2 protein chains.
Amino acid sequence: MKEINNRKTQIITTSATLFEQKGYDACTVRDIANALDIEAASLYHHFKSKEEILSIICFEMAHKLIDAMDETNDIYFNAEQKLRMAIEQHLGIIVNDLSKSAVFLFEWKRLNEPFLSEFKTLRNQYENGFKQIITEGIQEDVFDDVDSKFAVLSVLSSVNWIIEWYKPTGNMKPKEIAEKMSDFVLGGLRKKLVTDSNYKQ
Amino acid sequence: MKEINNRKTQIITTSATLFEQKGYDACTVRDIANALDIEAASLYHHFKSKEEILSIICFEMAHKLIDAMDETNDIYFNAEQKLRMAIEQHLGIIVNDLSKSAVFLFEWKRLNEPFLSEFKTLRNQYENGFKQIITEGIQEDVFDDVDSKFAVLSVLSSVNWIIEWYKPTGNMKPKEIAEKMSDFVLGGLRKKLVTDSNYKQ
DNA sequence: TCATAAACCTAACAAGTGTTAGGCAAATTT
DNA sequence: AAATTTGCCTAACACTTGTTAGGTTTATGA
């Protein structure tokens, strides 16, 4: 019973790659089977449906992100440090598996009930993590008094959009990207302690 | 010859809505026909293929954005004003047709050659508009000396992600969103004229 | 060695896919 | 009034879809 789900893992990984490349709907079970050099019907020994594969990918990523957020919140940090860590963790997880992340970010829409509702709940839970950090920062008076919902969306958009441009062969390492992105985001969030002549307070 | 393409326009609009809702691949020509109360085959009197409809939507949006960018650049403004105007225009166009925009942003991947290459070219052209403004701002010394490619991606991610959360019924008007978003983005971009104790220069 | 389970196979299904051919009726133009 | 165009129809095509049933091979463990 050492690695009972080795084949399962393999199928999921392959599926994620193909789901990303062709889109969930355009990717057929025969495409997946073909990539694994088996017959389409054989997949049904491991999963009961194509949608089950999709759901596993989506939920796995969601839980990874939520766990990372919990970890961030467990350690005591001020809001800025928390935000920096949350961004770094988020980018790290995405960059670590671009295919699954792309599926998590875009293909979850193809889920049907009851998966869909469950997924949305997890997604909300995660986004609330960011919201809480930002709200905290505003209360601590280290962040500008921005509309926190708006700020959350801006932050999430920046960290999520990485999937559209990140290439593992590029010269920027994930940690470096996280740092730059945090600087960029915080440049907008951070309370200006002094009057900047170009900035209307 | 007043409104020769009225029906065509109708089909495109309906298609855009359905492409957004179900995804291009999952949306069948029968779905589109059904929504218009006609038969699937009748669509082929107006278009030669399902893909043609997709391509029209993608290219229409691309050209709208490019035209707006040209307009922005035609008027003399400094970099900050240009960026603000580009963001406002971009958000305005997206919010004005959320379905087509969603298709433009996400479903273009389903295009095949030669559409795909042509689309990518237009997309690049548009993104270069943003890049140029930011580079200009850095040269004018009103923007921080950030990695301009990185800044472009951050800006684009913020303005594009609006599609994931904007609801026309919400209480924020597009112009207001554009303003807040510009403030947010510029907060990060703008050159700090004085030392901020929380900011490592 | 034998039993069990895991992994995969062939064959087939019912339903759905984009698309084409050819025709009919109404509107528009000549 | 005749000719043409526009918009839509029915019927069908060749093919692909996810999935199931039932059987065979391969590995595992007693």
Side-chain angles (χ1 to χ4, degrees), chain A residues 1-59 103 107-116, chain B residues 1-59 103 107-116:
Chain A
M1 214 224 279
K2 37 183 184 178
E3 213 106 346
I4 226 171
N5 45 6
N6 218 348
R7 195 63 171 149
K8 257 183 144 151
T9 308
Q10 211 176 121
I11 295 173
I12 289 171
T13 305
T14 304
S15 299
T17 309
L18 294 173
F19 287 170
E20 181 204 6
Q21 276 171 17
K22 326 183 93 180
Y24 175 74
D25 287 308
C27 171
T28 72
V29 290
R30 282 168 183 82
D31 288 334
I32 300 171
N34 210 38
L36 291 158
D37 256 313
I38 57 174
E39 292 301 311
S42 306
L43 292 170
Y44 289 82
H45 174 72
H46 302 276
F47 305 96
K48 19 187 264 280
S49 69
K50 184 187 168 190
E51 194 187 6
E52 197 196 353
I53 301 180
L54 174 63
S55 72
I56 288 174
I57 297 171
C58 292
F59 288 128
V103 173
E107 301 299 328
W108 63 268
K109 293 173 194 175
R110 308 297 153 227
L111 286 171
N112 294 307
E113 296 296 354
F115 294 121
L116 188 59
Chain B
M1 212 222 281
K2 38 180 184 182
E3 213 102 349
I4 226 173
N5 45 8
N6 219 345
R7 195 62 171 150
K8 257 183 144 151
T9 308
Q10 211 176 119
I11 294 172
I12 290 172
T13 306
T14 305
S15 299
T17 309
L18 293 173
F19 288 169
E20 180 203 6
Q21 276 171 18
K22 325 183 93 181
Y24 175 74
D25 287 307
C27 172
T28 71
V29 289
R30 283 168 182 85
D31 288 334
I32 300 171
N34 210 39
L36 291 158
D37 256 314
I38 58 174
E39 292 301 310
S42 305
L43 293 170
Y44 288 81
H45 174 73
H46 303 276
F47 305 96
K48 19 187 264 278
S49 68
K50 184 187 168 191
E51 193 187 7
E52 197 196 351
I53 302 180
L54 174 63
S55 72
I56 289 174
I57 298 170
C58 291
F59 288 128
V103 174
E107 301 298 327
W108 63 268
K109 294 174 195 175
R110 309 296 153 229
L111 287 171
N112 294 308
E113 296 296 354
F115 294 120
L116 188 58

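Just so it is clear, the values below take in all heavy atoms, side chains as well, and ignore hydrogens, waters and symmetry mates. Owing to the predicted nature of the structure, the values given are computational and were not obtained by experimental measurement.
When each of C:dT19, C:dA11, D:dG7 is scored by its nearest atom to the side-chain atoms of B:V29, the top-ranked nucleotide is C:dT19. Proximity note for B:K50 (side chain, C-beta onward) versus D:dT19, C:dG18, D:dT10: the nearest is C:dG18. Checking D:dC9, C:dC9, D:dT17 against every side-chain atom of A:T28, the shortest atom distance belongs to D:dT17. Minimum atom distance to the side chain of A:A41 is reached by C:dT10, of the listed C:dT10, C:dC8, D:dT19. Of the candidates C:dT17, D:dT19, D:dG7, C:dT17 carries the atom nearest the B:R30 side chain, counting heavy atoms from C-beta on.
Rounding to whole angstrom units, CG of residue B:N112 and C1' of C:dG18 are separated by 13 Å. Regarding B:I32, its CD1 atom lies at a distance of 10 Å from the P atom of C:dT19, rounded to whole Å. In this structure, B:F47 places its CZ atom 14 Å from C1' of D:dT6, rounding to the nearest Å. What separates CG of B:L43 from P of C:dG18 is a distance of 10 Å, to the nearest Å. Atom CD of A:E52 is separated from atom C1' of D:dG18 by 14 Å (rounded to the nearest Å). Here the C1' atom of nucleotide C:dC24 and the NE2 atom of B:H45 are 13 Å apart, to the nearest Å. Rounded to an integer number of Å, the gap from CG of B:D31 to C1' of C:dG18 is 12 Å. Between the NE2 atom of A:H46 and the C1' atom of C:dA5 there is a distance of 13 Å, given to the nearest Å.
When all heavy atoms are compared, the tightest approach of B:L36 to B:Q10 is CD2-OE1, 4.0 Å. Among all heavy-atom pairs drawn from A:T14 and A:A35, the shortest one is CG2-CB, 3.6 Å.
Residue A:S42 places at least one side-chain N or O under 4.0 Å from the OP1 or OP2 atom of C:dC9.
Side chains of B:D31 and B:T28: a donor on one and an acceptor on the other come within 3.5 Å.
Of the two residues near DNA chain D, A:K48 and A:A26, the one whose nearest nucleotide lies more 5' is A:A26.
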Review point. Does the pair B:I57 and B:I53 meet the rule for a side chain to side chain contact (heavy atoms under 4.5 Å, CB included), with working shown?
Key: CA-CA 6 Å; B:I57 298 170; B:I53 302 180; 4.3 Å; yes
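In this structure, the separation between NZ on A:K8 and OG on A:S15 is 12.5 Å, given to the nearest 0.5 Å.
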